[in-house]
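First the structure, in the form of structure tokens, and then the observations on it.
Source: prediction; values computed, not measured. The analysis underlying the following values was restricted to heavy atoms, covering all of them including side chains, and did not include hydrogens, waters or symmetry mates.
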Amino acid sequence: SPLMWGETVQKYAEMVNAELAKHNSKEQLYLLSNENEYMVFMTKEQYNLVCEYFSADKRPQTVSDWTTKTLNEMNILMNQ
């Protein structure tokens, strides 16, 4: 189901970011939804730079923001 797929992406990204934090990496995994799901590694500085040039619906998102957006979209679809 789409909900399970969304949760899988979320949990994977959270695991990767937790491991990166353990190793004191400056990078984090950010998520991007178009017609497919994409993942990109960036530092906070790189993310902030990307945010300057792309609208919120076109740029990668933090795992938390991506999860909120995805769950909201799924709830709308399920309630139609």
Side chain proximity check, [X] to [Y], heavy atoms < 4.5 angstrom:
{"X": "Glu19", "Y": "His23", "answer": "yes"}
{"X": "Leu32", "Y": "Gln61", "answer": "no"}
{"X": "Tyr47", "Y": "Thr62", "answer": "yes"}
{"X": "Val50", "Y": "Pro60", "answer": "yes"}
{"X": "Val9", "Y": "Met39", "answer": "yes"}
{"X": "Leu20", "Y": "Phe41", "answer": "yes"}
{"X": "Lys69", "Y": "Asp65", "answer": "no"}

**Message:** Any side-chain to backbone donor/acceptor pair from Glu52 onto Leu49? Under 3.5 Å, distance only.
**Reply:**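 Absent.
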**Request:** Examine distances only and state if a side-chain atom of Asn17 and a backbone atom of Leu29 form a donor-acceptor pair shorter than 3.5 Å.
**Result:**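 Answer holds: yes.
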Rounded distance (nearest 0.5 Å) linking atom [atom1] of [X] with atom [atom2] of [Y]:
{"X": "Met74", "Y": "Asn79", "atom1": "CE", "atom2": "CG", "result": "13.5 Å"}
{"X": "Cys51", "Y": "Met42", "atom1": "SG", "atom2": "CE", "result": "7.0 Å"}
{"X": "Gln10", "Y": "Leu71", "atom1": "CD", "atom2": "CG", "result": "7.0 Å"}

**Message:** Do Trp66 and Val40 land in one hydrophobic cluster if side-chain heavy atoms of ILVMFWY residues count as linked below 4.5 Å?
**Reply:**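 Trp66 does not cluster with Val40.
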**Request:** For a side-chain contact (heavy atoms from CB on, under 4.5 Å) with Ser25, tell me which candidate from Gln28, Lys22, Glu27 qualifies.
**Result:**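 Among Gln28, Lys22, Glu27, the one that satisfies the side-chain contact (heavy atoms from CB on, under 4.5 Å) with Ser25 is Glu27.
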